[in-house]
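Order of listing sets the numbers, starting from 1, for every ligand and every atom in it. These figures come from a predicted structure and were not determined experimentally.
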Amino acid sequence: MKAVLLHEHGAIENLKYEDFPTPEPKSNEVLVKIQGVALNHLDLFVRKGLPGLKLEMPHILGSDISGTINELGSAVSELHLTEGQNVVIDPGIYCGTCEFCCQGQHSLCNTYGILGEHKRGGYAEYIAIPAPLVIPIPKSSPISPLHAAAVPLTFMTAYHMLMDRAKIKLGEDVLITGISGGVALAALQIAKTVGARTFVTSSSDEKLKQAKDLGADFLINYNTTPDYHKEVFKMTHKRGVDIVIDSAGQDTWKKSIRSLRKGGRLVTCGATTGPIAETNINLLFWKQFDLLGSTMGTRGDLNAVLELVWKGRLKPVIDRVLPLREAQDAHRLLEKGDHFGKIILQP
Ligand SMILES: [Zn+2]
């Protein structure tokens, strides 16, 4: 098969479109012919190399995969999965037996990993994957199997942040920083389904306009209004928002905390601008903020959010689809940050 191989960590040019043996499914696995693989910022980090991450080379990136079942392993029941069925793949890899898995907290699993980060992923024509991670796309799905690749990781992550960690309530005020990435756009849509009033930030008026079309209520351009927390306070009549969804980290941390109402919750799922930030502890205890970490989600989260996608209540925003052999260009686009929504590679 053709695949984009990473023989060593480093620059974009290290992504090589080459031949690689088609994987053979083990008895409990399913061979999926990949229709689409969506990019995440994680792909950039893994390409460059992460501290402590030791991979079998060549590595194959790609966490968000959709495809068609090509072959079932000998022990896979045909009752649930059949050849020719369109599917998406759960990008979380968990043991199912540790203390946290038994509580349904799969992303806290003692051996938790992510497809494309800890194991070979989807920048390829085929992938062999344990059957429990393969989820059928219903025939009634309003989105194509190709576009379904843009759903699992980002929507599961956003759902976990809002529903499990922040425990969002009807009609709350939610600030989402950097409204162009997949998680932010998923969070915007999920927040709207529970009647939230949404506040979004971006460096681009064009992106803010696109966010408005998706239901964003208040728009803040942080280039022209760098102290966006002051704007949030004006917009909320000095109250602040109930919830902040932030994945930028270092650059936004203080302002995001200052955007919260008393007793508000900040949820972070990433630190794309850097991991070390200052927290004013006086503010933290006096205003009784909750600072919440969140990673990926549970299988229950993924199933719940997929149901909403299959019903047409949530829809991935697609920036563009490129052929798999143009993976280098796709990484350039993602690094540059001019995109709005997901970039998908099609084998
Ligand atoms: Zn586990």
Q | Rounded to 10 degrees, the angle SG of Cys95 makes with SG of Cys101 at the Zn ion (ligand 1) | A | 120°
Q: Give a yes or no answer on whether the side chain of Ser144 reaches the backbone of His147 with a donor-acceptor pair at less than 3.5 Å.
A: yes
**Q.** Heteroatom test (N, O or S) for Cys98 near the Zn ion (ligand 1), limit 2.8 Å
**A.** yes
**Q.** Test applied, side-chain hydrogen bond (donor to acceptor under 3.5 Å, both in side chains); reference residue, His331; option that passes from Lys336, Glu326, Glu13, Arg47
**A.** Arg47
Q. Would Met235 end up clustered with Ile176 when hydrophobic side chains under 4.5 Å apart are linked, directly or stepwise?
A. no
Q. Measuring to the Zn ion (ligand 1), does Cys102 have an N/O/S atom at a distance below 2.8 Å?
A. no
Q | Side-chain heavy-atom pair His160, Arg165 within 4.5 angstrom cut-off | A | yes
